[in-house]
Q: 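Handing you a structure now.
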Amino acid sequence: MTEDFRTEELLFMTRKIGMDLTTLIEFYLKNEDMSGIQAYFMVYILRHHPEGTYLTDIARETGVSKSTLSALIKKLREKGYLYFQENPCDVRKKTVLPTEKLKTEGNAFLKKAEEMEDEICSVLSCQEKVQLLEMEQKLLAQLSRMEHDETKKDRRFIYREKSFATAQTV
């Protein structure tokens with residue numbers, strides 16, 4: 001095998017892992033009222049922002065476009081799991097908050113997500129998990145540098161591609 005082929009294989013496998021994770025999220029967390037992605041997004045809110053946050057912050061943290069997040073949040077608002085609180089100083093800024101319904105049902109979402117995550121990662125030792133996290137962070141930093149360089153040329157391409165790929169899973 002040439003080094004180029006091994007690199008291609010590495011990138012292909014990384015992409016396949018991402019697609020398989022999306023499929024598993026749908027399988028484990030989907031119920032009759034919502035998709036697995038919607039459920040996992042609520043898990044994210046409960047874990048990282050139980051007191052609320054701004055859409056812009058979620059977009060920055062997750063790498064998902066604001067338009068895709070808006071569509072996701074709209075669906076969850078309609079189902080009574082999230083709501084917006086307006087900022088009295090700036091009506092354009094709205095905090096995304098979990099409703100009492102989500103807080104009440106949240107433990108079930110968290111438990112199912114934790115079971116899924118534990119099962120997925122059960123094949124890795126603690127040391128391997130730490131190594132994998134470090135490698136993922138390294139790759140994400142490189143991708144971020146590359147994206148930054150590309151957005152100097154044309155910002156529309158990067159955001160259009162991210163939005164299209166993510167919107168398919170909402």
Q: Under the rule for salt bridge (Lys or Arg N to Asp or Glu O under 4.0 Å), what residues qualify as partners of Arg47, not counting sequence neighbours?
A: Glu117
Q: If you look at every heavy atom in Thr99 and Gly80, which pair is closest and at what distance?
A: OG1-O, 2.6 Å
Q: Taking the side chain from Glu9 and the backbone from Arg6, do they hold a donor-acceptor pair closer than 3.5 Å?
A: no
Q: If Ile, Leu, Val, Met, Phe, Trp and Tyr residues are connected whenever their side-chain heavy atoms lie under 4.5 Å apart, and connections chain through other members, are Leu46 and Phe84 in the same group?
A: yes
Q: Can you tell if the side chain of Thr56 reaches within under 4.5 Å of the side chain of Lys66, non-hydrogen atoms only?
A: yes
Q: Indicate if Phe27 and Tyr40 have the same hydrophobic cluster label, given that clusters are the connected sets of ILVMFWY residues with side-chain heavy-atom separations under 4.5 angstrom.
A: yes
Q: What pair of heavy atoms forms the shortest contact from Met42 to Leu102, and how long is it?
A: SD-CD1, 3.8 Å
Q: Using every non-hydrogen atom in the two residues, find where Gln38 and Leu72 come nearest and quote the distance to one decimal.
A: CG-CD1, 3.4 Å
Q: Counting only heavy atoms not in Glu119, do more than 12 fall under 6.0 Å of its CD?
A: no
Q: Show the nearest heavy-atom pair for residues Pro98 and Gly52, with the distance to one decimal.
A: CD-N, 4.4 Å
Q: Between Thr14 and Leu10, is there a donor-acceptor pair closer than 3.5 Å when you use the side chain of the first and the backbone of the second?
A: yes
Q: Report, as yes or no, whether the 6.0 Å neighbourhood of atom CE on Met13 holds more than 12 heavy atoms from other residues, nucleotides or ligands.
A: no
Q: Using a 3.5 Å distance criterion without hydrogens, assess whether the side chain of Thr95 forms a donor-acceptor pair with backbone atoms of Thr53.
A: no
Q: About how many Å separate CD of Gln127 and CG of Leu132, when rounded to the nearest 0.5 Å?
A: 12.5 Å
Q: Apply side-chain contact (heavy atoms from CB on, under 4.5 Å) to Leu21 and list each qualifying residue two or more places apart in sequence or on a separate chain.
A: Ile17, Ile120
Q: Hey, could you give me the NZ/CG distance between Lys74 and Leu69, rounded to the nearest 0.5 Å?
A: 15.0 Å
Q: Nearest 0.5 Å, what's the CG-NE2 distance between Asp57 and His48?
A: 13.5 Å
Q: Partners of Glu61 by salt bridge (Lys or Arg N to Asp or Glu O under 4.0 Å), sequence neighbours excluded?
A: none
Q: If I take atom CD1 from residue Ile73 and atom NZ from residue Lys75, how far apart are they, to the nearest 0.5 angstrom?
A: 12.5 Å
Q: Determine which pairs satisfy side chain to side chain donor-acceptor pair (under 3.5 Å) with at least one residue from residues 129-143, sequence neighbours left out, and list them in order.
A: Gln142-Arg145
Q: State the CD-CG distance between Glu51 and Leu97, to the nearest 0.5 angstrom.
A: 8.5 Å
Q: In terms of hydrophobic clustering (I, L, V, M, F, W, Y; side-chain heavy atoms under 4.5 Å; direct or indirect links), are Ile45 and Tyr83 co-clustered?
A: no
Q: Here's a test for you: under side-chain contact (heavy atoms from CB on, under 4.5 Å), which of Ile58, Leu29, Ile25 qualifies with Phe41?
A: Ile58
Q: Around atom NZ of Lys101, are there more than 12 heavy atoms of other residues, nucleotides or ligands at under 6.0 Å?
A: yes
Q: Less than 4.5 Å apart, any side-chain heavy atom of Ser35 and any of Glu26?
A: yes
Q: With a 4.5 Å heavy-atom cut-off, do Tyr54 and Lys94 have their side chains touching?
A: no
Q: Using the test salt bridge (Lys or Arg N to Asp or Glu O under 4.0 Å), find all partners of Lys16 that sit at least two apart in sequence or belong to another chain.
A: Asp20
Q: Out of curiosity, Met135 CE to Leu133 CG, how far, rounded to the nearest 0.5 Å?
A: 9.5 Å
Q: Below 3.5 Å, can you tabulate the donor-acceptor pairs from side chains in residues 103-111 to any protein atom, sequence neighbours excluded?
A:
| from | atom 1 | to | atom 2 | distance (Å) |
| --- | --- | --- | --- | --- |
| Thr104 | OG1 | Glu100 | O | 2.8 |
| Glu105 | OE1 | Tyr81 | OH | 2.8 |

Q: With a 4.5 Å limit on heavy-atom distance, are the side chains of Leu55 and Ser70 in contact?
A: yes
Q: Flag yes if more than 12 heavy atoms outside Lys30 fall under 6.0 Å of its NZ atom; otherwise flag no.
A: no
